[in-house]
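All chains are named by letter (A, B, ...) in the order of the sequence lines, taking the proteins before the strands, and each is independently numbered beginning at 1.
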Amino acid sequence: MPPIGEKKIVCHSSDHNDTIGRGSQGSSIDYGRELNPAQLEAVTFEKGPLLVIAGAGSGKTRTLTYRVAHLVENGVSPKSILLLSFTRKASQEMLKRATKLLDNRCQEVTGGTFHSFANIILRRYAKVIGFDHGFTIIDRGDSEDLMGMIRKEVDAGGSCHLPRKSTLASLFSRTVNKGLPLEDIVYEEYPHLGAQIDVIDRIRQVYAQRKREHHFMDYDDLLVYLLRLLSDHHDIRRRISDMYEYIMVDEYQDTNAMQAEIVFLLAGSHRNLMVVGDDAQSIYAFRGANYKNIIDFPHRFPGTHIIKLEQNYRSLQPILDLANALIEPAAEKYSKCLFTQRGGGQLPVLAATTSENAQSRYVVREIARLRSKGLPLDRIAVLFRASFHSFDLELELTRASMPFIKVGGFKLAESAHIKDVLAHLRIFIAPRDRLSWNRVLLLVEKIGPRTAERIYETIARQGIGAQGLLSAGLKVKNKPGLDRLKDLISTMYAAPHSLVGWGERVLQYYLPKLKERFDDHPRRVRDIEQLLTIMERYEHLEDFLADMTLEPPNTSVEDRLTVDEGHADSLTLSTIHSAKGLEWDTVFILWALDGRFPSSQSCEQPNSLEEERRLMYVAATRAQHHLNITYPVGIFDHATQSVLYEPSRFLDAIPEEVLERRYFKAGSF
DNA sequence: ACAAATACTATTTTT
DNA sequence: TAGTATTTGT
């Protein structure tokens, strides 16, 4: 590999003047001192379309933060700034920092994800698109449950093997997010379902119809309807566009066609649009994201100014050398090369172990060593491709009593006990919510899908809300469980209408069922109590429910021991996707085994193979000082019926001067 | 007729 | 391991 310095492209003007960035007199922020020239140029850029290509660790967040402050400081009303980011947490963090930098005005900036922004706008204009103001947002699980019910109806005959509900859900989601017809997606990605395309399409139609009837919106619908609102109603588009005079979009490489179109329409009239991204870090193609959006941007907005941020402030040079070598073979358009001025540092290590458990013990031992040398656990992360890749490690960490937090994978809000509690609440604000009724009724003993369906019909026909259950006319006799549910409903109506009051009653009712259904009920009770504390912050149940689906607490189910908000000094375990934008002193990457990462399935498709490569790149660039990659050998792969023993192909070609190799025998622990 | 118990099978990533 | 298909039991 050539020396790094030779490849760097300097694209900002070199004669930059230290004073240009300085705000009007009295400014507390010395932009010229606190930013490098390229960052400064982006921050002080005035009007028009701007594309910022920001390499990993190049101060992207810093640039966005300072730009918000700079705009507000120079008289732009914070209410006319829109900051769209990938997670709500990320945008809130940026606004918090901007507030610290300047003043409270920055808190008034509208910030969030595309989905949360769509939620705000669509609630306001619900009537226009034919929805109730109080429409329900359903998460992936709800959407699958609905799909499951439809699947059963369509399959009334019995013996045709329909795809499972999760397959259907991802299939439909792909057609929406990629904007392609069903046949194309089936042909390209699910060829084995080709014969069933008619039934599948039928399920899709019924699903769409059912959603409309219930005023349900799934994640994709939020984008679909926002786009429809903007493109079909010029007056509304105009009003919204005028309202947000300055628009900034973070992580632009992970937007899909619909999101790009939304941005296009929002910025259409004023073109004051700044998008920030890195095509090398595009890792959401499975969700329809298209990194080409970033390449097309200058074409959609002629006259786009382009700024590249290539100086890295995060990692030491050896880590950047590896990162550059990883991404070098990728066929990408905006070539860039990360460099740093910080010298020193050790080579990243690639360690082979004899088994999965040996890998876990190796990682635990290395972490213990670092910890004893004074590195706090919260500066260390273990990253992996898929959530279950850390199961074995979690056992070893527990054995070594090393506290950890797991991010990504199964979310708290997706776990059965939380959904159960929420369903009991939802039947009060959305009495025709079939999904929630179904959930609630199935929890009553001696009631199965059939009876639940019958009871639901009766309730829906009466149209008097949850009280419908209390009225006579149910031909269900001798069900003590149902009487208890009736009790709950009447006490809820009698109770003061406070959210927490309701929640407590539900918990009281649900507790015995929870104890019977789950062995680990003490933990789950604590989760529900946690949920009640979150509820205290809300006045309206709808707002609470919408937030729960749009921004569920990101920590996963297994880490309830350390719920106290990261105060404890804990190790982070995370999927690579959830680690995006974050950094740690020391990073471990697990399962860098060819056949697992990249997975053997993705090896067949060049596109997904490239995405896996970018994923490895994202993982490697999270590290500041130490990077430790491991893989176990001799793992049997069911998909290919072969034994895997080679390191990830992305690492295999990298020379010894960049990546140190080690081998650990089983007996060495 | 319907609910509960048991057997079987295919395994990413997230708003 | 969890989600689905099948069998058993009331």
Enquirer: Aromatic ring centroids of A/Y510 and A/H417 under 6.0 Å?
Expert: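 No, ring centres 6.0 Å or more apart.
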Enquirer: Generate the contact string for nucleotides 1-7 of chain B. Rules: B means base contact, S means sugar-phosphate contact only, - means no protein heavy atom under 4.0 Å.
Expert: -SSS---
Enquirer: Give a yes or no answer on whether the side chain of A/N293 reaches the backbone of A/A260 with a donor-acceptor pair at less than 3.5 Å.
Expert: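 No, the answer is negative, given that no donor and acceptor are paired below the 3.5 Å cut-off.
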Enquirer: Take atom CZ of A/R164 and atom C1' of C/dA2, then tell me their distance rounded to the nearest Å.
Expert: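 Answer to the nearest Å: 9 Å.
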Enquirer: Give the rounded distance in Å between these two atoms: CZ of A/R174 and P of B/dT14.
Expert: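 Atom CZ in A/R174 sits about 14 Å away from atom P in B/dT14.
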Enquirer: Quickly work out the A/L582 CG to B/dT14 P distance and round it to whole Å.
Expert: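 Distance, rounded to whole Å: 13 Å.
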Enquirer: Expressed in angstrom and rounded to an integer, what is the separation of A/R151 atom CZ from C/dG3 atom P?
Expert: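 So the two atoms are 13 Å apart, to the nearest Å.
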Enquirer: Going by heavy atoms closer than 4.0 Å, what residues in residues 136-147 of chain A are next to DNA chain B?
Expert: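 Going residue by residue through residues 136-147 of chain A, the ones with a heavy atom under 4.0 Å of DNA chain B turn out to be A/R140.
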Enquirer: What is the distance, to the nearest angstrom, from the CD atom on A/E611 to the C1' atom on B/dT12?
Expert: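 Rounded to the whole Å, the gap is 11 Å.
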Enquirer: Closest approach to the side chain of A/T87, judged atom by atom: which nucleotide of B/dT12, B/dT15, C/dT4 is it?
Expert: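 Nearest to the side-chain atoms of A/T87, counting from C-beta on, is B/dT15.
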Enquirer: Whole angstrom is fine here: how far is it from CZ in A/F172 over to P in B/dT15?
Expert: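 Rounding to the nearest Å, CZ of A/F172 and P of B/dT15 are 23 Å apart.
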Enquirer: For B/dT12, give the paired nucleotide (Watson-Crick: N1-N3 plus N6-O4 or O6-N4; G-U: N1-O2 and O6-N3; both under 3.5 Å), or none.
Expert: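 Checking every strand shown, B/dT12 finds no partner, since no pair has both distances under 3.5 Å.
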Enquirer: Measure distances between side-chain N and O atoms of A/R385 and base N and O atoms of B/dT12, and say whether any donor-acceptor pair falls under 3.5 Å.
Expert: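 Yes.
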Enquirer: Atom CZ of A/F388 to atom P of C/dT1: distance rounded to whole Å?
Expert: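 Computing the A/F388:CZ to C/dT1:P distance gives 13 Å.
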Enquirer: Between A/D392 (CG) and B/dT11 (P), how many Å, whole number?
Expert: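 Atom CG in A/D392 sits about 22 Å away from atom P in B/dT11.
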Enquirer: Could you tell me whether a side-chain N or O of A/D254 sits under 3.5 Å from a main-chain N or O of A/E251, the two making a donor and an acceptor?
Expert: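 Side chain of A/D254 to backbone of A/E251, a donor-acceptor pair under 3.5 Å: no, none is there.
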Enquirer: Quick one: on DNA chain B, does A/S599 or A/S116 contact a more 5' nucleotide (nearest heavy atom)?
Expert: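 The residue mapped nearer the 5' terminus is A/S599.
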